[in-house]
Each structure stands twice: as structure tokens, then as C-alpha cells.
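Worth knowing before you read on, the calculation uses all heavy atoms, side chains too, and leaves out hydrogens, waters and symmetry mates.
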Amino acid sequence: MPIAGANRLEQEEGALDALLLIGAVAVEVVLIIIALKRFGFAPLPGLALIYFLVAQVSLTLVYHGLAVNSFMETYSRGGVYTYYFQTMMLYFAASMLVVLSFWKGMFRNGAQRLGSIHVDITRFATVMPMINVSMGVLTAIVLMVFALVSDWEMIWSNYTYLSMTRADVITVPSFAILPNLLPLFGIVAAVLGAINLAMRRPLPAIYFNVVWVAISVYFLASHQRVAIVPPAAMVVVLSIVSTGSHPIAKILTITYTVFAYATALTGRGSLAHHGLSSLFDAPDQFVGVGVFDLATKLLLNGAEGAFVVAEGFARNASYPPIYEILSFSPLPSFIDKFSEINRLYQVRLSPFAPFSGITEAFFFGPGYLAALAAIYLGAFWLYRRVTERNRYLGLAIGLLVLLATLQVFAYPLRNSLKPLWMGVIIGVAALVYLPKPKIAQQISPQLRATLMGGGTPPPKRAAAMPHGGVLGRPMGGPQRGQQIRRG
């Protein structure tokens with residue numbers, strides 16, 4: 001009897017959990033529809049809410065055995081199954097945090113649609129040659145130094161995951177930072193390649209596009225998802241700055257982006273073949289793979305954070321205060337020496353899978369969780385305020401905050417918050433130097449006088465007509481009460 005009662009209680013709790021999850025997901029779907037209607041496809045809140053729902057769907061597919069996450073199996077201890085409900089509700093709570101930050105815009109009259117974004121690049125025509133030369137020379141120097149101090153045997157072929165993106169690939173310790181700089185130079189080259197292509201400057205366009213392709217292929221050979229960032233940046237910037245459609249360039253770049261993202265999935269893990277020589281085997285990975293299977297892999301990989309969070313809850317971790325505090329620091333590691341502290345105290349799910357920032361803050365304690373929520377609330381507020389003044393800067397800040405929002409579920413706090421701190425720096429500078437939106441200028445003088453004085457609006461002045469006439473009055477002679485001026 002006690003066993004039967006316990007089983008019945010467990011079934012009732014399972015049914016209640018299922019109802020709660022169904023209700024939470026239904027609420028999220030409704031909120032996504034409202035957000036898209038009010039804000040469009042702005043980075044926040046719509047895209048963030050969509051990501052949270054996709055993560056929940058991915059986690060549910062694996063939990064119920066409808067999909068297999070092969071990379072998760074390299075670090076899983078069953079957390080996806082034992083902490084499924086808690087992880088699902090965590091994403092629901094994150095959705096509510098975003099909704100509360102944009103409550104006025106979603107349910108009142110404060111929505112901010114970015115609208116059509118287009119930058120007139122002709123205003124930069126005079127400075128582009130200087131930018132092209134300076135950035136071209138700097139990029140060439142960095143790439144040449146990297147080529148000279150790198151271990152080309154490792155770059156050509158290796159079987160150690162992430163070795164090409166760490167200092168291991170550098171033979172001269174003084175240049176160990178170079179692998180970390182390559183993604184940044186790849187993004188800059190992609191942006192300049194798109195701008196020069198839009199401005200019909202063939203030589204700089206070819207040079208910078210070749211640079212970002214080379215950097216992207218390097219990270220693709222190491223099976224890193226960062227390989228898709230330069231081509232994605234190129235397509236986005238080209239769409240914003242170009243008056244032409246450039247269909248061939250966009251189709252080729254988007255096709256490569258999808259291929260790179262799918263290829264990066266095949267080499268994740270310790271025993272896979274990495275290096276430039278591994279790219280010759282990449283097409284074989286897609287032989288016999290159905291479209292549904294490939295789409296499922298892409299979906300699960302994009303929502304990797306859900307699995308990292310659930311598995312993190314199944315671990316026990318403790319950290320010294322210095323690690324907890326510096327995880328929130330916006331300073332680079334060469335100033336606060338966090339890289340040294342990180343090597344000593346970081347806890348990982350496996351050598352190739354880190355803890356998520358959410359999990360770290362959970363083990364730090366309630367105070368740090370509250371601080372993390374407050375940081376994101378402040379970033380959301382900053383995004384709204386800057387968007388009121390300049391939608392281009394608002395878009396940039398929104399994308400950075402969105403990236404930090406996605407990363408905090410998959411990567412440690414220190415790494416995840418870097419884009420957010422960049423957005424905060426841009427946002428604070430914008431609030432300081434950009435003028436406030438002048439709402440008063442949109443009010444007519446008559447209405448302003450009425451609001452200030454409390455009386456009725458003054459009569460409208462009659463509009464002048466040609467040949468001395470006045471709109472609404474005959475042109476024949478003086479009206480009642482109007483004296484004839486004699487000279």
C-alpha cells in the first residue's frame with residue numbers, strides 16, 4: 001500500500017509538472033506573437049524569446065527520446081533527465097524577465113520598431129581609402145606574424161579539439177594572444193569587404209573578402225562555430241549598406257555559412273580529425289544524412305545551452321570569492337589576471353564542455369544570481385533608451401546584448417558577459433553624447449500654448465494665398481473690422 005501510494009503521488013506530481021510546462025510554453029508562444037507584432041524582428045525582446053522557446057523544444061525532443069544529441073553524450077551524467085523540469089522553468093523565468101523589461105512596449109504604447117535599417121555609405125567615401133589602407137596593412141601584419149609563429153603541422157592535421165584556437169598552436173609564447181584576435185579581424189574584414197563591395201571598390205573588396213574567408217576556413221578546420229561569424233557579418237552589413245541586391249554574393253555566402261555550421265558539428269570532441277587536411281573529408285559527413293536529421297542536428301547544436309545548463313545542475317561546484325567576483329569583471333585578463341585564476345578554479349562538464357554562466361551563478365549563491373539578473377535588466381533598459389535616440393546604435397547594442405543572453409546559457413560568465421559590457425560602453429557613450437529625443441518639437445504651437453496656459457487654442461492663422469488673398473476669405477477688399485491703410 002505505501003508503495004502504491006508513492007507511485008500514485010509520483011504520477012500526480014508528473015501530471016502537474018506536465019500541465020505547468022504546457023501552460024508555460026503556451027504563455028511563451030503568446031508573448032512571442034505579441035512581441036513580434038509590437039517590436040518586429042528587433043534583437044530584443046522578440047529574438048531572445050524565440051531562442052528560449054527553441055531551447056525548450058530541443059531539450060524536450062532529447063528528453064522524450066525523439067532526437068539524439070551526440071555531443072551531449074560526451075559529458076552527460078543524466079542531468080537532462082533529472083533536471084528537465086527545472087531547466088524548462090528556468091527558461092520560462094528568463095522569458096518573463098525579458099517581458100517585464102519591455103512591458104510598456106508590449107502592452108502599452110512604448111513599442112520601438114527598428115524599421116528599415118539602411119546606412120548611406122556615400123558620406124564615408126572620402127575616408128574609406130584611408131580606412132582601407134590602414135586596416136589592410138594592420139591585417140596583413142597580423143596574419144603574416146601569425147603564419148610565422150604558428151605550428152603548421154598542427155594546423156594541417158591534429159586530433160586535439162580546440163588546439164588550433166589556443167596558445168598551443170603558437171611556437172613563440174609572446175604571441176599567444178594571436179588566436180584570440182583572429183575572430184575580431186575576421187569580423188572587421190567581413191564588414192569592410194561588404195562596404196567596399198557596396199561602394200564598387202573592387203580591389204579592397206577582393207582583399208578583405210579573401211581575408212575573412214581565410215580566417216573563417218581556419219576556424220572551420222578546427223571545427224569551431226565562430227567560423228560562421230564573419231560570413232554572417234558580411235551578409236548583414238551588405239544588406240544594410242548596399243542599394244543593390246547582390247544576389248550571387250549573398251547566396252554563396254549564406255550557402256557557405258550553413259555548410260560551415262554543419263561541418264563544425266562533425267568535429268566536436270576529442271577523437272575527431274582536425275586541421276586543414278580534415279576539410280577534404282567534410283563532404284563525406286553529409287553522405288546518407290537526411291534533411292530532417294541534418295536540421296535536427298543544427299537545431300540541437302544551436303540550443304546547446306539548454307543541455308549544458310541541465311547537466312550543470314547535476315554537478316557540485318564551489319569557487320573561491322576571487323573567481324566569483326572577477327567573473328563579473330569587464331576588465332581584460334592582462335589587467336585583473338583572471339586567466340590565471342580561471343586555470344586554477346574553473347569547473348567544466350568535460351575538457352571540451354564548460355559550465356554555463358547560469359550554472360556558475362547558481363553555485364556562486366543567490367546574491368550573484370540577483371546581480372546577474374540586475375545586470376541584464378540594466379542592459380535591456382540601456383538598449384531601450386539608446387534606441388529612442390539612434391536606431392543604428394540601438395541595433396548594435398541589441399545584437400551585443402542578445403549575444404550575451406544566448407551565451408550565458410552555454411558558456412562561463414566571464415566569456416558570456418563580454419559582449420554585454422561592450423554594449424554597455426557603447427550605450428553609455430550614446431546617452432552622454434547623443435541628444436535626447438525632443439518630443440516637445442512634435443507638438444504644435446497652438447496645442448503647446450493650450451497645455452501651458454490652460455485656455456482654448458488660439459485661432460489658426462489664415463494661410464496666405466497668391467496675389468494678396470487669404471485662404472477662406474475673398475480677395476475683393478477689406479473685411480469687417482479691418483481698416484483701410486492710407487498712405
Side-chain angles (χ1 to χ4, degrees), residues 128-197 201-234 253 256-257 259-260 263-264 267-268 270 272-282 332-335 337-340 342-343 351-352 415 418 422:
M128 277 308 298
M130 180 180 65
I131 295 176
N132 287 335
V133 171
S134 58
M135 289 307 304
V137 171
L138 179 60
T139 302
I141 292 174
V142 170
L143 293 181
M144 285 190 294
V145 172
F146 178 78
L148 291 173
V149 300
S150 295
D151 182 350
W152 280 94
E153 290 186 5
M154 180 183 294
I155 292 175
W156 178 250
S157 178
N158 71 87
Y159 290 88
T160 305
Y161 187 50
L162 301 178
S163 61
M164 293 172 59
T165 60
R166 297 173 176 170
D168 302 346
V169 75
I170 301 298
T171 58
V172 181
S174 303
F175 296 96
I177 195 175
L178 287 180
N180 297 327
L181 295 179
L182 287 183
L184 176 61
F185 278 92
I187 295 173
V188 172
V191 171
L192 292 177
I195 292 175
N196 282 284
L197 181 61
R201 298 176 182 268
L203 292 180
I206 292 173
Y207 171 79
F208 286 113
N209 282 304
V210 168
V211 168
W212 76 252
V213 168
I215 294 176
S216 176
V217 168
Y218 176 83
F219 285 103
L220 179 59
S222 63
H223 298 98
Q224 293 295 293
R225 287 173 291 182
V226 72
I228 71 172
V229 176
M234 192 271 184
T253 306
Y256 167 76
T257 303
F259 170 78
T263 302
R268 303 183 71 192
S270 58
H273 183 203
H274 311 287
L276 295 177
S277 62
S278 69
L279 296 179
F280 296 104
D281 303 328
S333 288
F334 72 86
I335 294 179
K337 308 300 181 183
F338 180 79
S339 58
E340 301 175 5
N342 185 59
R343 283 194 293 270
F352 312 106
N415 301 36
K418 285 181 180 179
M422 293 175 60

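The aromatic ring centres of Phe146 and Phe185 sit 6.0 Å or more apart.
Checking side-chain atoms of Tyr207 against main-chain N and O of Gly136 turns up a donor-acceptor pair under 3.5 Å. Under the 3.5 Å distance criterion, the side-chain polar atoms of Tyr161 are left unmatched by any main-chain donor or acceptor of Pro351. Of the possible polar contacts, none joining the Ser222 side chain to the Leu162 backbone as a donor-acceptor pair under 3.5 Å is found. Thr257 places no side-chain N or O within 3.5 Å of a backbone atom of Ile228 that could act as its donor or acceptor partner.
Note that NE2 of His273 and CG of Leu279 are 9.5 Å apart. Values are rounded to the nearest 0.5 Å. A distance of 14.5 Å separates CD1 of Ile187 from CE of Met234, quoted to the nearest 0.5 Å. Atom CG of residue Leu181 and atom CG of residue Leu143 lie 11.0 Å apart, to the nearest 0.5 angstrom. With rounding to the nearest 0.5 angstrom, the CE atom of Met164 is 10.0 Å from the CG atom of Leu182. Atoms CG and CG, from Asp168 and Asn158 in turn, are 9.5 Å apart once rounded to the nearest 0.5 Å.
Across all non-hydrogen atoms, the minimal contact from Met154 to Val169 is SD-CA, 3.8 Å. Closest approach of Val211 and Ala189 over heavy atoms only: CG1-CB, 3.7 Å. For the residue pair Ala221 and Ser278, the shortest heavy atom distance occurs at O-OG, 3.7 Å. Ser333 approaches Ser339 most closely through the heavy-atom pair OG-N, 3.6 Å. Contact record, Pro179 with Arg166: CG-O, 3.6 Å, taken as the closest heavy-atom pair. Of all heavy-atom pairs between Ala205 and Leu197, the closest is CB-N, 3.8 Å.
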Given side-chain contact (heavy atoms from CB on, under 4.5 Å), test Val217 with Val213 step by step and report yes or no.
CA-CA 6 Å; Val217 168; Val213 168; 4.2 Å; yes
Verdict with reasoning, Ser150 to Ile170, per side-chain contact (heavy atoms from CB on, under 4.5 Å):
CA-CA 5 Å; Ser150 295; Ile170 301 298; 3.9 Å; yes
Asn196 vs Asn132, side-chain contact (heavy atoms from CB on, under 4.5 Å): CA-CA, chis, key distance, verdict
CA-CA 9 Å; Asn196 282 284; Asn132 287 335; 2.9 Å; yes
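Taking the side chain as every heavy atom from C-beta outward, Pro204 and Leu192 never approach each other to under 4.5 Å. Residues Leu178 and Val145 form a side-chain contact, since some pair of their non-hydrogen atoms from C-beta on lies under 4.5 Å apart. Side-chain contact check for Ile195 versus Phe208: every heavy-atom pair is 4.5 Å or farther apart. For the pair Asp151/Ile155, no side-chain contact is recorded, criterion being any heavy-atom separation below 4.5 Å from C-beta on. Residues His274 and Ser163 have side chains not in contact (no heavy-atom distance under 4.5 Å, counting atoms from C-beta outward).
The environment of CE in Met128 is crowded: more than 12 heavy-atom neighbours from other residues, nucleotides or ligands sit within 6.0 Å. Residue-environment remark: CD1 (Ile177) stays at or below the threshold of 12 foreign heavy atoms within 6.0 Å.
Ring-plane geometry between Tyr256 and Trp212 is classed as tilted, the angle between the planes lying from 30 to 60 degrees on a 0 to 90 degree scale.
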